[in-house]
Each structure stands twice: as structure tokens, then as C-alpha cells.
A.B. asks: 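This structure is in C-alpha cells; I'll ask about it shortly.
We count ligands from 1, going down the list as the structure has it; atoms in each ligand are counted the same way. For reference, positions follow the sequence shown, starting with 1. Just so it is clear, the model here is predicted, and its values are computed rather than measured.
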Amino acid sequence: MKISDLIGAIEDAAPRALQESYDNSGLQLGDCGRACTGALLTVDVTPAVVNEAIECGCNLIISHHPLLFNGLKRITGSTDVEVSVALALKHDITIYSAHTSIDSAPGGISWTMSSMLGLKNAKVLEPAAGKMSKLVTYVPVSHAQSVRQAMFDAGAGHIGNYDSCSYNIEGSGTFRALNGANPFVGDLNRIHVENETRIEVIVPDWKTRDVEQALLAAHPYEEPAYEFLSIANPCKSIGLGCVGDLEQPLAATDFVDLVKSTFGVPVARCTNVVNSGRLIKRVGLCGGSGSSMIRSAVGAGADAYITSDTSYHNFVDMADRLLIVDIGHHESESCSKAIFYRIITEKFPNFAVRYAHTDYNPINYV
Ligand SMILES: [Zn+2]
């Protein structure tokens, strides 16, 4: 099995097109064409993790945080990132990172956190917008069904819990085939009128090339007419954060205990609400630095919001309004390793994949 096969599995579940504009998810360094000798899963890439990969014979490291985030102007071994890059290159280790791509993907970090807590009716807290196009094409009526089906099979026409979604209307198309053309219907140098179906389907950005190729392969015309139109609609199944409901309301202190035991955190920073005796029913959450979505959690009716890297001023602003439960950055994203593990072993059940023992939480509670 090639390294590219494993990366393909990760990108099928978390396409790079889902990442935020500031991010650097994707291949960090190395060759994807080599046979994979084992995959090591980690939140962060450090020299210790690269050394562990060397020692355990894994030539692929899959991390949540990108090794290369701010760019490198020199590789002299003066930082851990530079040391990691040099070590990995020297030992032919490939490094791939899925950061905000796995944050936003269905089944990604926030979805996993929400299922760990047993939340019901979970939905995306901030659905992603601008990640889809509308494809419009014009097909002879006789071929509308086969072209439509080819586009569906390639990933078009999927909206929420529905597939095979399209809009179709019949009309007349005209064209004149000039010298050198090989028209499917009509004669050279004579205007032809053909009954055509205008088909409209939704296409996610990461399926654009697949759907385009399927359309071109199935369409009978020598020069099919089609256009991709960008649409701003939010896509409900992808985006950052989740919000859902506890099966039974819990007192704030009991809820915080549940959060601590679920995510294995020794201590959580909480707003005043923890001592209010208030019941917690609806819960928002976002793995990693999710303080920018506190207002969205309030807007979604959340009684509590679990995230990390919240500031003093977040606590002041929300003191008695929202139970913020800050569980720490590494703690909230540690489940990324289990997500990578699930994705790989579901597709390649017998493949050597392991968690990095040297991946650790750099923040100590003293
Ligand atoms: Zn993070």
C-alpha cells in the first residue's frame, strides 16, 4: 500500500477544501509514492514524535496540527520545527496534517466530542458557506437520465439527508456544426434545433473535478455546454463546532464532572454559572481554540459551551449568561488520533497504524 492510499482515505473523509483560509492542512513534506511501512498518529509533530516514527518503522506521520504553519526561511535546527523537518527528510518520513479540514468534516473533531458526550440532535454550530457550486448543463432529452445519474454517482446532488437532488426543465438548444466538427446530431453548416433538458445540481467544491469528468464522459455532445456557478448557501453538514442536547438535563456542577471524566481533564475553567444551580440541557462545543464561536453558541440556545483557549474577557462577558467549560487545547483535540485511526482501519483493516506515545500535552497543571 502506498502512502498516497492512506492520505486518500483521510482526504475522502476530510477534504482539504474544507480547511479555513489561514490553515495549512495537507501534505507537509515527503514522498507519497512510497510504500507505507506504518502510520503514526499524533496531535503535534515534535522531534520526539519523528524519532518515535523512526524507531517503530513508520514512514508516515499523520498529525492534527500542521508541522508547517507559518513557513520556514531556514532549516538550521534552531527550532523544534526545523529539527523535525530535517529528521523526517533524512529518514524518508512523510508528514501529513489534517487540521481545520478534520475540524469541519462530518464525523470530525466536534462531531466526535459531541458523540463522546452523548448529545442528541447534534448539528453544526457554524455551517460553512461558499463551499458548493451549482452545475448547470444542457443535455438531449434522450440522454438526460444517463448524464444526471453519472453526475449523481460522482457526488453531485447531495443535500443533507437526500441524494439524487436535481432540477430539470425542457427547452430548445440550437447550434451549427462548422467544418471540422463531428456532431452527435444535425448536419454540418446547418443550424440544428434539439430538444434538451437543462439539469441543475449542487456540487461540493471538492467533488468538482470528479463531477465534471463524469459529465463530459456521459454527455453525447462533442462540445457539452455547462457552467459551475458559485453559491453562498451554507452547507449544513460541514463547518466548525457542534450543538446538541443532553439526554437529561444536568445540574451545572454535574455537567462539568461529566465533561471532565469524558475528556480526561483534571481541571476545567468555568464561568460563574457553574455555581448557579442552573440546569444544563443544550450544549455547544468546539475542539481547539473555539472562543470566537461563543456568540454562536448563545445564539443556538446553548446553556454550556465546551472549548479551549478562552480569554479572561470571554469569562467576564459570559460570567452569568453561559457556562463556559474550558477543558484545554490538547485535551479537546486528543480525539483527532482516534478519528484518524477509525478512518484508516475502516478502509484498511489490517494496516499497521499506531498512536504516538511521545505525543503529549505541553501544558502542565501544577
Ligand atoms: Zn488545535
A.B. asks: For the metal site, I want the angle between atom NE2 of His65 and atom OE1 of Glu333 with the Zn ion (ligand 1) at the apex, to 10°.
C.D. replies: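 That angle is 90°.
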
A.B. asks: Are Thr208 and Asp205 close enough that a side-chain donor and a side-chain acceptor fall under 3.5 Å?
C.D. replies: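 No, Asp205 and Thr208 have no side-chain donor paired with an acceptor closer than 3.5 Å.
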
A.B. asks: Within His329, is some N, O or S atom less than 2.8 Å away from the Zn ion (ligand 1)?
C.D. replies: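 Looking at His329, which is the residue asked about, there is an N, O or S atom under 2.8 Å from the Zn ion (ligand 1).
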
A.B. asks: Check this for me, if you would: do Asp303 and Arg278 make a salt bridge, where the nitrogen-to-carboxylate-oxygen distance has to be below 4.0 angstrom?
C.D. replies: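 No salt bridge links Asp303 with Arg278.
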
A.B. asks: Counting backbone and side chain alike, does His64 bring an N/O/S atom below 2.8 Å of the Zn ion (ligand 1)?
C.D. replies: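 Checking the Zn ion (ligand 1) against His64, no N, O or S atom falls under 2.8 Å.
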
A.B. asks: Is the shortest distance from a Lys or Arg side-chain nitrogen in Arg198 or Glu196 to a carboxylate oxygen in the other one below 4.0 Å?
C.D. replies: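 No, no charged N to carboxylate O under 4.0 Å.
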
A.B. asks: Taking the basic N atoms (NZ, or NE/NH1/NH2) and the acidic carboxylate oxygens, is any pair closer than 4.0 Å for Glu82 and Arg74?
C.D. replies: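 Salt bridge between Glu82 and Arg74, a charged N being under 4.0 Å from a carboxylate O: no.
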
